[in-house]
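Reviewing the structure listed below.
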Protein chains: 2
Amino acid sequence: MSSFPDVVVNRSSPVPLYHQVAEQLERAIRDGELLPGDRIANEVVLADRLGLSRPTLRQAIQSLVDQGLVVRKRGVGTLVVHAPIRRTVELTSLNDDLLRAGRQPSTVVLDLQLQPAPDAISEHLKIVAGTPVWRLDRLRRVAGRPLAVMRNYVPGQVADLGAVDLSATGLYEHFRSAGIHLRVAHQTISARKADAEEARLLEGTAGDPLLTMQRTSFDDQGRAVEFGTHLYRPDLYAFETTLVDR
Amino acid sequence: MSSFPDVVVNRSSPVPLYHQVAEQLERAIRDGELLPGDRIANEVVLADRLGLSRPTLRQAIQSLVDQGLVVRKRGVGTLVVHAPIRRTVELTSLNDDLLRAGRQPSTVVLDLQLQPAPDAISEHLKIVAGTPVWRLDRLRRVAGRPLAVMRNYVPGQVADLGAVDLSATGLYEHFRSAGIHLRVAHQTISARKADAEEARLLEGTAGDPLLTMQRTSFDDQGRAVEFGTHLYRPDLYAFETTLVDR
DNA sequence: CAGTGGTCTAGACCACCGA
DNA sequence: CGGTGGTCTAGACCACTGT
């Protein structure tokens with residue numbers, strides 16, 4: 001019962017062929033057209049029917065593997081795994097995530113200033129201590145409730161945050177429109193108690209548990225663009241990830 | 001200043017060529033032989049010098065991209081990003097992580113029984129409610145201190161946990177030796193307060209913040225193998241991840 | 001413009017799996 | 001044994017970058 005969903009490719013499209021195939025297979029899985037346990041037709045057959053080379057088709061299927069949608073086994077085939085309800089955590093901002101989920105976030109800029117980088121921060125951003133960095137403190141709310149307190153540091157050389165309305169625009173959105181392309185981020189997730197000030201902002205009580213995230217993001221030049229320390233109300237937020245064995 | 005580390009390949013090794021190259025480049029980056037901002041010699045040159053085809057070399061470099069060690073930019077080159085202190089979270093168990101970090105974990109099995117799967121659990125494991133599942137409760141300690149309380153469910157059809165000494169062997173380790181190959185996992189990370197019983201086990205106080213993780217793991221047949229709910233002391237544990245934009 | 005990575009082809013041989 | 005994915009080759013043309 002090796003399933004074979006309708007896939008068509010458009011060779012005059014600027015979208016890479018492997019991506020066209022991957023998108024259509026992904027949709028078939030997420031829409032339930034291909035069910036968990038189903039087998040996808042093998043590479044050679046699939047490539048043949050679509051008029052593509054085997055490496056190109058392989059590249060398409062590999063992207064499904066990377067997303068955790070299918071698993072492959074030599075001698076057996078490519079099997080559909082149960083589709084996750086939500087997508088895996090990607091290199092996006094909290095704002096992006098909320099917008100995509102159809103929520104309507106609002107942001108309050110609590111503070112913004114240009115200051116010499118403290119040692120701990122300069123280390124994360126790989127810049128010389130004392131170099132000017134923007135320090136941005138924000139409170140993000142959704143559905144009228146406070147969700148997260150975010151502090152971000154951005155080197156002055158990277159962007160001029162003074163000229164941006166950060167209550168209307170997400171930080172990552174600003175980076176994109178400024179021609180900064182984020183490529184990699186390292187993050188650490190843990191938890192701790194809220195102090196009095198944090199509790200006040202998040203409308204909770206001192207001692208409440210907070211979900212914490214620290215992230216350093218790098219752009220396509222290998223440059224550290226942003227270091228952030230975020231605090232989330234765990235009753236309103238969770239991180240979802242997909243792990244794949246390669 | 002395009003760096004060119006010493007790389008040699010052994011064609012009679014069973015290790016794939018692309019993997020040999022990737023390993024050596026990875027070590028050069030992690031050891032600081034290649035520094036953040038350095039450029040790696042371009043694909044064509046590198047492939048030529050090593051006597052490999054360009055696709056093979058590309059595959060090697062792609063794995064570095066996936067690990068967040070380098071970023072690539074058309075027309076520019078391949079640039080080394082700052083290497084993370086620790087590796088990214090991989091599809092391993094807590095036990096594996098601790099062993100690799102040179103810590104010596106010990107495990108206490110609190111409870112183990114075969115029971116009909118509750119609705120909530122059968123849903124995660126994609127099995128029929130009421131099907132027998134193992135419920136395993138464990139406490140993991142490291143350096144004499146309690147680190148995590150773990151509850152895992154494993155379908156009875158997947159493994160017979162009754163015949164295993166789970167205080168000496170990690171659950172994932174047992175899966176491997178039983179010929180079960182984990183491939184994908186979906187996890188959700190958040191936080192909450194400890195209740196009295198959890199606090200007692202973790203030698204803390206009720207109300208303390210706990211880092212929580214829920215995970216469902218699938219094997220190479222697309223079968224749900226394990227569902228777990230883990231509670232970590234956040235002062236002793238954090239999750240580290242690397243996000244890559246593809 | 002020259003240099004880089006991004007995509008794509010049309011094959012080949014091999015390793016592993018299940019029947 | 002036949003079927004599957006895993007690896008590898010030797011090219012090709014294109015898109016984007018920075019000078």
Side-chain angles (χ1 to χ4, degrees), chain A residues 1-4 9-23 38-66 70-80 179-181 183 219-223 244-246, chain B residues 1-4 9-23 38-66 70-80 179-181 183 219-222 245-246:
Chain A
M1 56 159 171
S2 103
S3 298
F4 184 72
V9 295
N10 172 7
R11 298 196 89 99
S12 62
S13 162
V15 177
L17 297 174
Y18 75 88
H19 196 254
Q20 292 184 35
V21 175
E23 266 183 334
D38 281 357
R39 238 179 61 211
I40 292 180
N42 77 61
E43 296 178 353
V44 181
V45 170
L46 217 38
D48 214 45
R49 294 204 212 178
L50 294 175
L52 299 174
S53 70
R54 190 180 158 205
T56 299
L57 199 93
R58 246 184 105 67
Q59 197 175 355
I61 295 182
Q62 186 57 46
S63 81
L64 300 181
V65 173
D66 292 341
V70 302
V71 293
R72 323 191 71 184
K73 196 177 182 185
R74 182 150 42 177
V76 176
T78 302
L79 307 165
V80 177
I180 297 171
H181 304 106
R183 279 297 142 82
D219 70 1
D220 54 11
Q221 299 171 53
R223 194 174 53 156
V244 177
D245 184 21
R246 298 159 161 280
Chain B
M1 55 158 168
S2 100
S3 298
F4 184 72
V9 296
N10 173 7
R11 298 198 88 99
S12 63
S13 161
V15 177
L17 299 174
Y18 76 88
H19 195 253
Q20 291 184 36
V21 176
E23 268 183 335
D38 281 358
R39 239 181 55 210
I40 293 180
N42 78 60
E43 295 178 352
V44 182
V45 170
L46 216 38
D48 214 46
R49 295 205 213 177
L50 294 175
L52 299 174
S53 69
R54 189 180 159 207
T56 299
L57 199 94
R58 246 185 104 67
Q59 197 175 355
I61 295 182
Q62 185 58 46
S63 82
L64 300 182
V65 173
D66 292 341
V70 302
V71 293
R72 321 191 74 184
K73 195 176 181 186
R74 183 147 42 176
V76 176
T78 302
L79 307 164
V80 176
I180 297 171
H181 304 105
R183 279 298 140 80
D219 71 0
D220 56 10
Q221 300 171 51
D245 184 22
R246 300 156 159 280

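Every chain is numbered from 1 and lettered A, B, ... according to where its sequence line falls, protein lines coming before strand lines. Since we're looking at a predicted model, the values are computed, not measured.
Spacing between atom CG of B:Leu50 and atom P of D:dT9 amounts to 11 Å, rounded to whole angstrom units. Taking atom CG on A:Leu57 and atom P on C:dT9, their separation rounds to 10 Å, with Å as the unit. Rounded to whole Å, atom C1' of C:dT4 lies 16 Å from atom CG of B:Asp48. When rounded to the nearest whole Å, the span between CD1 of A:Ile40 and C1' of D:dT4 equals 14 Å. Atom CD of B:Gln221 is separated from atom C1' of D:dT4 by 15 Å (rounded to the nearest Å). If you take CZ of B:Arg74 and P of C:dG5, they are 11 Å apart, rounded to a whole angstrom. Rounded to an integer number of Å, the gap from B:Glu43 CD to D:dA10 P is 16 Å. Straight-line distance from the CG atom of A:Asp220 to the P atom of C:dG6: 11 Å, rounded to whole Å.
Side-chain proximity of A:Pro16 to D:dG6, C:dC8, D:dC8: nearest is C:dC8. Of all nucleotides listed (D:dA15, D:dG6, D:dT9), D:dT9 comes nearest to the side chain of B:Ser53.
Residues A:Thr78 and A:Ile61 form a side-chain contact, since some pair of their non-hydrogen atoms from C-beta on lies under 4.5 Å apart. For the pair B:Arg72/B:Val65, a side-chain contact is recorded, criterion being any heavy-atom separation below 4.5 Å from C-beta on. Side chains of B:Gln59 and B:Arg54 form no contact here, defined as non-hydrogen atoms less than 4.5 Å apart. Inter-residue side-chain proximity for B:Val21 and B:Leu50 is flagged as met; some heavy-atom pair is nearer than 4.5 Å.
A residue-by-residue look at B:Gln59 and B:Pro55 shows that B:Gln59 has its nearest nucleotide of DNA chain D further toward the 5' end. The residue among A:Gly77 and B:Arg11 whose nearest nucleotide of DNA chain D is located toward the 5' end is A:Gly77. Nearer to the 5' terminus of DNA chain C, by closest-nucleotide assignment, is the contact made by A:Arg54 (compared with the other of A:Lys73 and A:Arg54).
At least one side-chain nitrogen or oxygen of A:Arg58 sits closer than 4.0 Å to the OP1 or OP2 atom of D:dG6. In terms of phosphate contacts, B:Tyr18 brings no side-chain nitrogen or oxygen within less than 4.0 Å of OP1 or OP2 of D:dC8. Residue A:Thr78 has a polar side-chain atom (N or O) positioned under 4.0 Å from OP1 or OP2 of D:dG5. Of the side-chain N and O atoms in A:Asn42, one or more sit less than 4.0 angstrom from OP1 or OP2 of D:dT4. Note on A:Thr56: every side-chain N or O is 4.0 Å or more away from OP1 and OP2 of C:dT7. Between A:Arg39 and the phosphate of D:dG5, there is no side-chain N or O to OP1/OP2 separation shorter than 4.0 Å. For the pair A:Arg72 and D:dT4, the criterion of a side-chain N or O lying under 4.0 Å from OP1 or OP2 is not met.
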Under the criterion side-chain hydrogen bond (donor to acceptor under 3.5 Å, both in side chains), I'd like the reasoning laid out for B:His181 against B:Asp219: C-alpha separation, chi angles, the key distance, then a yes or no. CA-CA 5 Å; B:His181 304 105; B:Asp219 71 0; over 6 Å; no
Is there a side-chain contact (heavy atoms from CB on, under 4.5 Å) between A:Arg11 and A:Gln20? Walk through the geometry before answering. CA-CA 10 Å; A:Arg11 298 196 89 99; A:Gln20 292 184 35; over 6 Å; no
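Among the protein residues, B:Leu17 comes within range of the sugar-phosphate backbone only, with heavy atoms under 4.0 Å from sugar or phosphate atoms but none that close to a base.
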